[in-house]
Amino acid sequence: MALLQISEPGKSTVPHEHRLAVGIDLGTTNSLIATVRSGEAVVLLDEQGRSLLPSVVRYRADGDPQIGYLALNAVVNDPMNTIASAKRMIGRKTADIKSLRDHMPYNFDDESANVPRIITADGPRSAIEVSAEILTALKKRAEISLGGDLSGVVITVPAYFDDAQRQATKDAARLAGLNVMRLLNEPTAAAVAYGLDQGSEGVYAIYDLGGGTFDVSILRLNKGIFEVLATAGDSALGGDDMDRLIAEWMLDEIGNDDLNVDSHFLRQALVAARAAKEALTEDDSTDIELSLPDGSNKKIVLDRSTMNELIAPVIDKTLLPCRRSLRDAGLDKEDIDGIVMVGGSTRVLDVKQKVEKFFSKGLYTGVDPDQVVAIGAAIQANILIGNRSADDMLLLDVIPLSLGIEIMGGMVEKIIPRNATIPVTRAQEFTTYKDGQTAMSIHVLQGDRELVSDCRSLARFELHGIPPMVAGNGRIKVSFQVDADGLLSVSAREATTGVETQIDVKPSYGLTDTEIEQMLRDSITHARDDVHARQLAEQQVEADRAILALESALEEDGHKLLDNDERSSLIAGMEELKALADTGDAESIKQAISDLNQLSEVFAARRMDASIRSVMAGHNINEFSE
């Protein structure tokens, strides 16, 4: 007898109104697709009953691309045309990929200026195109399984993906013909799956270690509200790095320490390393057999203790963002109620043990770590498409790095701080620097340091049409808007005329694997130096402003209102300030500005009197009182 689901009155859609929506976990190693059926989130299977789709695509000169398991079987025999771990390249500039090339046995088309492309038998292919092939395969699986066209999809991304990586993911979905309703951070998706399935409430750490990315997020779950308090991670750290360390050990064991000598052998070693890693989650040791380039075979034994020593640097590297996320959230380890483990790489026993020891809390492993992200995305997709009331759940996610603009003196004025809840809109007013200024250049930056040189440039645009006026009188409102997908748009509006310009920030590259971590670490390590540097820059700007104003006043009225000695005294004061402005002593500059202001007080008073006399000429006091 079939079981029917009973819904609250007004909470369910009638059959012809039910729309098909799915959640996709586009992973480095494997990808999955899930949907909500009869009120339950389930992962969709392929014709052979498999939930995972290997994130591998093989391009051929004489046929359509092979995707998933077919491509995976060709990884060793056809490594140059079989692309794996494309997620590590998506949204990155060609120059940034150079740091990853040692990990990837591909030939890159160096003529691709901004988007790195791998040379294949079917022509150059970018990571966006590879990802689109994977998404297309998942889309076909869903349409066959659900019996209809998809209305919308939620795709998960690492919390530490920047603007470029998120935009590239949306571009891949567009190539696959998918309507992306939202990009959802992977740790948040995992929390959705656990929070709704188990009714958990409290503060949780979501530890997400996949094949090529790592994220940790601190979330507060309370009555359907999922509030991300802080996030940290590394967009190029994961199980692939463990595999490489194991493969290097294997090659040392057989007397060949050059991992890049042969692409076929390299792929064979990496595949064998992954298989050994997976075997050691159950066994204490495993046999590895390699076919050497000279045709001979070599068998070696790897035990769990040795593997743990090899992969320890990768695991230890994940604990640094864990510390920072706790600090950013203003919490101690004791405040955490539990740890949710996400991603296939968390199956490694030493990962579990070190994370449990770090937080001194039990681990949540009730949902398959491979499936939990896709399940959470499916739940969110079901709500966004309208099949379930949006009142049931509220997601409050955050941005990983501060956003701001460049101001005079090479300084950064932060408009949206890191870990601000998204979607978010913030605005701030700025003014003109020079008399008669009719345009302003807006330089958008990302990072948590005080100076432009220490942050990452995202975009530049200009606002024209500012009416000419005295310096400091113009009012330009700069607005930053980050949408629910974490994508940024910036606008600038002049208050008097209403003239406005806007830009959607779409850089053609992403932050490298170490840049985000390094930028945040530097913002802490150099905090005191940054404050001093900003103070110096501010005083230098103020000195320039004082000098420009006095020079203008002297040129206009100096010959009329001052004698030679007074003029010489003011000029000497300006020259002294100019000399000090080139030094690195903020206090000396500040004092010199004060001295010059005092020195010019008499001149300023005379200019004011002259201005008043000029206005009153031909009038009497009674006219003004009336």
Kindly say whether [Y] contributes a backbone atom to a donor-acceptor pair with the side chain of [X] at under 3.5 angstrom?
X: R141; Y: S51; value: yes
X: S217; Y: T188; value: no
X: T28; Y: G212; value: yes
X: N185; Y: P187; value: no
X: T306; Y: L302; value: no
X: T286; Y: A279; value: no
X: S345; Y: G210; value: yes
X: R304; Y: D283; value: yes

Please say whether more than 12 non-hydrogen atoms of neighbouring residues, nucleotides or ligands are located less than 6.0 Å from CD in E289. yes
Close side-chain approach of [X] and [Y], heavy atoms under 4.5 Å:
X: Y204; Y: I339; result: no
X: V153; Y: N179; result: no
X: L326; Y: F359; result: yes
X: S145; Y: R37; result: yes
X: V424; Y: I416; result: yes
X: V412; Y: L451; result: no
X: L26; Y: I134; result: yes
X: D316; Y: T318; result: no

So, taking the atom named [atom1] in [X] and the one named [atom2] in [Y], what distance separates them when rounded to the nearest 0.5 Å?
X: L488; Y: R166; atom1: CG; atom2: CZ; result: 12.0 Å
X: L270; Y: I246; atom1: CG; atom2: CD1; result: 10.0 Å
X: R347; Y: E282; atom1: CZ; atom2: CD; result: 9.5 Å
X: T35; Y: N382; atom1: OG1; atom2: CG; result: 6.5 Å
X: R244; Y: D241; atom1: CZ; atom2: CG; result: 9.0 Å
X: L403; Y: I405; atom1: CG; atom2: CD1; result: 12.0 Å

Pair T29-S55, side-chain contact (heavy atoms from CB on, under 4.5 Å): steps then yes or no: CA-CA 5 Å; T29 306; S55 301; 6.0 Å; no
What about the rings of F214 and Y207, do their centers lie closer together than 6.0 Å?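 Distance test on ring centres: under 6.0 Å, yes.
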Can I83 and V56 be said to form a side-chain contact (heavy atoms from CB on, under 4.5 Å), step by step? CA-CA 6 Å; I83 303 175; V56 185; over 6 Å; no
Sequence neighbours excluded, which residues qualify as side chain to side chain donor-acceptor pair (under 3.5 Å) partners of D350? none
According to side chain to side chain donor-acceptor pair (under 3.5 Å), who are the partners of S402, at least two apart in sequence or on a separate chain?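 Side chain to side chain donor-acceptor pair (under 3.5 Å) check on S402 returns D448.
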After noting the C-alpha distance and the side-chain angles of E186 and K87, does the key distance pass the salt bridge (Lys or Arg N to Asp or Glu O under 4.0 Å) rule? CA-CA 14 Å; E186 291 167 2; K87 187 174 180 178; 2.7 Å; yes
Between T156 and R182, does any side-chain donor sit less than 3.5 Å from a side-chain acceptor?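 The answer is no; no qualifying pair exists.
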Any idea which heavy atoms bring [X] and [Y] closest together, and the distance?
X: A189; Y: A377; answer: CB-N, 4.0 Å
X: V490; Y: F480; answer: CG1-CE1, 3.5 Å
X: I415; Y: Q428; answer: CG1-OE1, 4.2 Å
X: I206; Y: L219; answer: CG1-CD1, 2.9 Å
X: W249; Y: V301; answer: CH2-O, 3.4 Å
X: A381; Y: M181; answer: O-CE, 3.6 Å

Worked check of side-chain contact (heavy atoms from CB on, under 4.5 Å) between K352 and V348: CA-CA 7 Å; K352 294 179 181 179; V348 176; over 6 Å; no
Quick one, R324 with T231, criterion side chain to side chain donor-acceptor pair (under 3.5 Å). Give me CA distance, side-chain angles, the key distance, then yes/no. CA-CA 9 Å; R324 191 177 69 248; T231 191; over 6 Å; no
Taking the six-membered ring of Y69 (Phe, Tyr or Trp), confirm whether the NZ or CZ of R50 is under 6.0 Å from its centre and within 45° of its axis.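 Yes.
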Decide yes or no on side-chain contact (heavy atoms from CB on, under 4.5 Å) for V43 and I375, but give the supporting numbers first. CA-CA 7 Å; V43 173; I375 288 173; 4.2 Å; yes
For residues 329-338, which side-chain donor-acceptor pairs fall under 3.5 Å, sequence neighbours excluded?
{"unit_1": "K333", "atom_1": "NZ", "unit_2": "F358", "atom_2": "O", "d": "3.1"}
{"unit_1": "D335", "atom_1": "OD2", "unit_2": "D332", "atom_2": "N", "d": "2.8"}
{"unit_1": "D337", "atom_1": "OD2", "unit_2": "V203", "atom_2": "N", "d": "2.8"}

Criterion side chain to side chain contact (heavy atoms under 4.5 Å, CB included) against L178, the qualifying member of I24, V22, L138: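 With L178 as partner, side chain to side chain contact (heavy atoms under 4.5 Å, CB included) holds for just one option, I24.
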